[in-house]
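In what follows, every heavy atom counts, from backbone to side chain, and hydrogens, waters and symmetry copies are set aside. Letters A, B, ... mirror the listed sequences (proteins, then strands); counts begin at 1.
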Amino acid sequence: MALGVSKKEKIDGLAESAGVSLAASAWKRLRRSPVFLTGAVIIGIFIVLSLLSPWLAPQDPSVPMLIDQVVKARNEIPPPQPGHLLGGDLQGRDFFSRLLVGSQQTLIVGVGATIIGLTGGLILGTLAGALGGWVDSIVMRVVDVMLSLPSLLLAFSIAAMFARPSQFTVILAVAIVQIPVFARLLRGSMLAQRHSDHVLAATALGVKKGAIVFRHMLPNSLSPVIVQSTLVLATAIIEAAALSFLGLGNPDDRLPEWGQMLGDVQNVFDTHPHLAAWPAICIIIVALGFTLMGETLREALDPKNRR
Amino acid sequence: MLRYTIRRLVQLIGVVLVLSMLLFAWLRLLPGGPVSALLGERATPESREALTKQLGLDQPIFVQYFKFLGRAATGDFGVSTGVQPGDSALDIFLQRFPATIELSFFAILIAIAVGVPLGYLAAKRRGGWFDNLSVIGSLIGVAVPVFFLAYLLKDVASSALGLPSQGRQDAIDATRVTGFFTLDGLITGEIDATINALEHLILPAIALATIPFAVIFRITRAAVLDVLDEDFVRTAESKGLTAPVIRRRHVLRNAMLPVVTTIGLQTGALLSGAVLTEKVFSFAGVGQALAIGFERRDYPVLLLLIIMATIVYVVVNLLVDLSYALIDPRIRTR
Amino acid sequence: MVHSVTARRRWVAAIGFLSVSALALSGCAQSQRDSGGGGKEGGTLTFGAAGAPKLFDPFYATDGETFRVSRQMFEGLVGFKPGTAEVEPALATKYEPSADGKTWTFTLKEGVKFHDGTDFNSEAVCFNFNRWYNQKGAGQSDAVSQYWLDNFGGFATTPDKPSLYKSCTAKDPKTAVIELNEVTSQFPSVLGFTSFSISSPEALKKYDADNVQAAGDAFTYPAYANEHPTGTGPFKFGKYDKANNTVELVRNDAYHGTKAKLDKIVFKIIPDETARKQALKAGDIDGYDLPNAADWAGLKQDGFNVAIRPAFNVFYLGINQKNNPKLADLKVRQALMYAINREQLVKSQLPEGAKVATQFMPDTVNGYNKDIKAVGYDAAKAKSLLAEAGASDLTLKFYWPSEVTRPYMPSPKDLFGAMSGDLQAAGIKLEVVTKPWNGGYLTDVDQGIPDLFLLGWTGDNGTAHNWVGTFFGRTDNRFNTGVSAWGNTLKDDLAKANSEPDEAKRTKLYEDVNKRIMEEYLPAIPISHSPPALVLKSDIKGVVPSPLTDEKFGPASKG
C-alpha cells in the first residue's frame, strides 16, 4: 500500500536522485541559474568573511572596552562613535566587531552540525544499506524512533539534557537531529544502487564488497547528500538561534555567534532593536544563501526535471 | 489497512516506552533537578540530602523508573516544579493542549488561506515576476527565525493595529467548558469572550503560520504545475471547458491531495514552532509550558510533554496516511 | 515596652527615606489608612505575575509569587509597617516578653472573623502554632515547611532537631501566651512573615490542610492549600482559572479594619518579562513586579510609577577555601577585592539606586557598621598582594549561573563579564564554568566545587542574624570557612550575638562582627545592594513599596 508523502518518503525520494550523469547535467544548468549563483555568491562572501574576520575586525570582540558608557539604570549602551561603527553591546563590547567575528562561530555551528550529522548518518546509513539484513532492521528502528519526534523539539530536548551547555552542546543538539535524515538518505541511495548495472558489474568482476561500497556506491550517493547538507547548514544556524532564545544555547558569549547574539537580547528587542536586527539580518541572508543553493541543487538533481 | 494501523500503533507504544526510559534516565542523572528547584539558594547540605531521600531520588535509577511507570499507569506523571509548581503534569498538559490546538488550527487556516491561492496564482503565471517574487518570498520566510518574526509582529503590529500581544484572553468573566476559548464563548453564548480570544489569537497565529505557509505555498505551486501538465487538463481545455470550470473541477481538486498531506506533516514543525511563538506571546499552551520547562528545568513536565508531543505527532501522521488512502481512490485500489 | 524590642535606630532613618518614596507613589498612604478616605472605591486591579503561585496556604509557601497572593488574604499576629522592615501590631494589638525573653504575651484584636465567618481568638492562634509545630511526614520536609525550619527549627516529632517553639496557651479569648525554648533576636518579627499567618481552624480541619504528600519528585498539597485558603485579610479567595492563567481575589466585606477599596485583584501570570512590559503599556495589566532595570527610565517616561524599593539584599562574589589552598590566605582574598572595580560595576550594570556593599548587609539592618569603608579599586595593589602571597600565577575555577535573574543579580552574564575582565587584568587566570541555576549551579556551589561563584541574598527580616547568621553561622557553609581557624570563632561570635537579649548590646556585637568579617576574615567579597522595583499605572494609589517586597493591596485604589 502506498501511503502519503511522509517525512521518511521525502528523504527516500531525494535518495533516488543519484547518478553521475545526472550530476553533470545538473551542473550545466546550475551554472546559468541566477538563483543558484545568488546563493553561491552570498555563501562565498560569508565563508571568506568568517575566515578573515579576526583580522578584519577593528576591535577585540570579547573586551568590554566601552563598559564605562553602559548604564543599565538608564538603559544606555555605547552609541556609534569613531572606531566603533555600530556602538557597543550590553556589556560595552564593540558591536560591529562582534558581528564580523560572529560569522566565524556561526559557520562553525553550521558546518560542525552538518559534519557530525553527516558522519553519524554515514555510518548508520552505510551499515544498513550495504549490509542489509538484521543490521538494516536495527538501524532503521533506531532511525524511526528518532524520526518520530518533531525535529526541532528533539533538538531542544537534547540541548536541555546537557549539564554544562556550551557551543559544542549546541552543535551536537542540532546535529543529532540530522543523523536519522542522513542515515535514511544514504541507505535509500545504496539500496537503489545494489541492483544497478555498475555495481552488478563490479561484483561480477570479483571486486570486494568494501571496495564496492566505498569506490562505487558512496560516490554515487554524494549528490543527494550535498543537497541535504546545504539545507542543513541553513537550518542549523536558525536552530542554534532558537536554542539561545530558549536559554538552551551557549551561555558563554565571549566569542560571539549570531544565533546567540539574537537569542540573548530578547529583553531589549523593543528598546535597542538594532542589537537584534543586525544578527537577525545576517542569519536571514546566510540562511537564504544556503537555501537558495540547496533548493536549486535539489531541483537540478531531480530526475523529473530533466525531461 | 487495519493491520497497518495496528502495526503502527504497536510501534508507537514501543517508541513511547523507549523514549520515556531514555528521557527518564537522562533527566534523573542530571545534576540539580527537583531538589535545586524546590530549595533554591536556601539549601543546606542537610536539607538537600533529606529531600533527596524523601523524594526517593537516592534509589537506583531503574527502581525509580518502575515506580514512575507504576504511577504513570494511574495517570500520575509527577508534579510540576517550575511551570505551575505543585500542579500535576498531566493536568498542565490537559489544560494547555486545547490552547495549542486552537493556535495551530488558526495558524494552518491562515497558511492555507494565503498559501493555496498564492501557490495557485504563481503556478498559473509560471516564470513571471509574480511567481519569482513569491518563490523568493517563501524562501525568505524559511530563513527568518520564527521567534524574531514573532517579536516583530508583537512590537510593530500590535501597537499599529491595537491587537493584544500576550495571553489567551483578558481577565474577563468567562465560563470554561471545553478549554477551547473560542468555542466556549459560542457554547455558553458569551460571544464577547470568543471575540476576545480570537483577538488574542491573531498575532501568534500569523507568526506560527509562516512555518506551514512556505511549505504549503511551494507544494501547491508544484502540485498545480504538475496537474496543469497532465493529459486530463489538456483534454478539458480541448473540450472547450471554460477556465474557471477547469480550475475548480480538475486542477484544484487534484492538486489538493499533496497539499492535504503536507498540512498533516506540518504538525511536528507546528509543535516546535509553538514553543517559540507561545513563549513570545505568553500564550498559555503546551509550547509555553515546554519553553518554561526548559528554562526552569521542570523535569516531570518536560518528560510528559515531550512524550505527548511524540504521540500527537505520530498519530497525526498516521491519520494523514490513512486519510490519504481514503481520499485518493487510485491508492485505495492499488 | 510594646514594641521597643523592634524600635530600631537605623530603621527610623530608613522610614524617613521610605516615607518620601511612599508618598511620591501613593499620594498619601498614611492619611488613607487613617481616614479610610481618598482614592476611588471599586474597580479591579490586574497585576502581572512572573510565575504561577504554588498554592495558597502561606505556611507551605516558599517563593515570592506564592507569597504575593496569600499576603492579600492573610494576616499574622504582627506585621511590618508599610514601607519598612519594622514590626508593628497586626492581629495582636500588643505583645510583651517576660524578663528572660522566653515567654511572650500577645493581646489579640477583638471582633475579628475569618473569611468563613468563624471567630479569631486565642484558641485559633494556638491551633495554628500547634499545627505548624505538629507537621508530620512530608510536611516536615525542607521544601515544604521551609520557613518554619529556618526560623523555628524542628517539629514535635523530631527530638534530634530542637525547636525554638515550646508551647502556646490560650489564657483567655484575647490573650495568647507563647513560650520559647531560647532567646532569639528573630522573635517576634518572624511572626510578621506571611508564612506565619493565622488561618481559620475550622477551614484547616475541614479541608485537610496538613495532608501533604511526597509524590515522585515533588509534593502534592491538600484542598485547603489549593482551593480554600481562609484567613482574616482584606481580600478573599475568588478563583484560579488555570486555563487562562489568572488568580482572582475578591474584597472581604466583613474585614475588621479599613475595608479594601478594590472589588477585585486579578493576578495574571505572564512569564515573559517583555510581555509583562507590553501588557502594562497596552493597558492589559495595572502593574507588575521587578521590571528590568533597563526599562525603568522608559516606563517612567511613559507615565508609569516606578516605585523603587530600598535595597534589602546583598550580592557577593563567593570564595570557597576548600579546594585551592591559596584561597585560605587572607592576602589572596583581599587581592580579589582590590582587583574588582565595584564602583564601575554598580554604575554600569546595576539599576538606579544600587550601591557598593561595604559589608554583608544593607544599612537598614540593625548591626550594620557604618564605620566600614568600601575598599576602592586598585589593580596594582591586587597584583602586589598576590605576589606577596606567592600566588602570582593563580588559576581559579569561576562559576556563574545561567537562566536566572535575582533582585540582587539582574543579569549574571553581564555581571560575570565585568568581573572576569577585572580579575584577568589583575593577572588571575580563570577557568570559567556556566551551569543553569536549577540545573547544577546551586548543587555544585553547595558541594564546594567552584573556587569563585556568584550568589546573593534577599533579606526576610531586619535582624542581622538573617544575614550574616545565614552566611557564616556554620563552618561547613558555601565558603567553607571551617578551613580557616577563624571560621569557628566567627560561628561562635554569631551565635553569641543572636542569643543576646539586650537590644543595644546585640547591635554592638553585630557591628563588631561585621568589622572583623571585612577586615580580618573576608570569607567572600560583598559587591552591591540593588534596589528592586515595582511598576504601577499612575492611577493606582495606596501601594507602599516595601524593602521586604511584601506590598499589601488592601489600601490600594484605582482611578
Side-chain angles (χ1 to χ4, degrees), chain A residues 60-78 88-94 98 156-157 159-170 243-256 260-261 263-273 275-276, chain C residues 272-278 281 291-301 308 341 343-354 399-405 410-422 424-425 430 432-437 439-441 443-444 530-531 533:
Chain A
D60 186 332
S62 59
V63 174
M65 52 189 69
L66 300 172
I67 186 85
D68 52 327
Q69 293 179 42
V70 177
V71 186
K72 281 271 172 71
R74 291 195 296 273
N75 200 19
E76 284 174 11
I77 58 170
D89 72 354
L90 294 170
Q91 285 184 41
R93 297 169 298 199
D94 183 51
R98 286 181 72 75
F156 294 158
S157 315
M161 284 173 178
F162 292 108
R164 254 175 89 165
S166 66
Q167 187 77 292
F168 180 67
T169 62
V170 170
L243 287 179
S244 277
F245 175 69
L246 288 179
L248 300 170
N250 175 15
D252 187 354
D253 67 351
R254 281 173 297 176
L255 278 178
Q260 185 192 38
M261 289 169 79
D264 279 358
V265 293
Q266 48 187 297
N267 285 336
V268 293
F269 266 13
D270 51 344
T271 48
H272 300 300
L275 290 182
Chain C
D272 186 71
E273 155 101 47
T274 330
R276 283 198 293 279
K277 180 171 64 181
Q278 286 183 328
K281 286 184 177 171
N292 190 341
D295 293 330
W296 294 7
L299 287 167
K300 279 186 201 165
Q301 243 167 33
I308 301 171
N341 192 343
E343 285 287 337
Q344 177 64 261
L345 189 104
V346 167
K347 195 177 135 258
S348 69
Q349 294 296 343
L350 295 176
E352 185 187 333
Y399 270 54
W400 65 273
S402 59
E403 287 155 55
V404 69
T405 60
S411 168
K413 174 188 271 185
D414 296 348
L415 290 166
F416 161 77
M419 269 190 236
S420 67
D422 287 345
Q424 280 164 324
L430 298 177
V432 179
V433 180
T434 313
K435 289 196 176 188
W437 180 254
Y441 181 77
T443 330
D444 282 3
S530 310

Looking at C/A294, C/P410, C/G417, C/S402, which makes the most heavy-atom pairs under 4.5 Å with chain A? C/A294
Which pair of heavy atoms, one from C/Q349 and one from A/L90, lies closest together, and at what distance? NE2-O, 3.7 Å
Given a strict heavy-atom distance threshold of 4.5 Å, which part of A/Q266 is in contact with chain C: side chain, backbone, both, or neither? both
Identify which part of C/K277 has an atom lying under 4.5 Å from any heavy atom of chain A, answering side chain, backbone, both or neither. side chain
Rounded to the nearest 0.5 Å, what's the gap from CG on A/D253 to CZ on C/F416? Could you check? 9.0 Å
So with a 6.0 Å cut-off around CD of C/Q424, is the heavy-atom count from everything else above 12? yes
For A/R254, which atoms come within 4.5 Å of any heavy atom of chain C: side chain, backbone, both, or neither? side chain
Within the 4.5 Å heavy-atom criterion, are A/K72 and C/N292 side-chain neighbours or not? no
Relative to chain A, which segment of C/Q344 carries a heavy atom at a distance below 4.5 Å: side chain, backbone, both, or neither? side chain
Contact part of C/S411 toward chain A, heavy-atom cut-off under 4.5 Å: side chain, backbone, both or neither? side chain
Find the one option among A/T271, A/V268, A/D270 whose heavy-atom pairs under 4.5 Å with chain C are most numerous. A/D270
If you count heavy-atom pairs within less than 4.5 Å of chain A, which of C/P412, C/G298, C/G421, C/A293 leads? C/A293
What closest approach, in Å, do C/D414 and A/Q91 show between heavy atoms, and which atom pair accounts for it? OD1-NE2, 2.9 Å
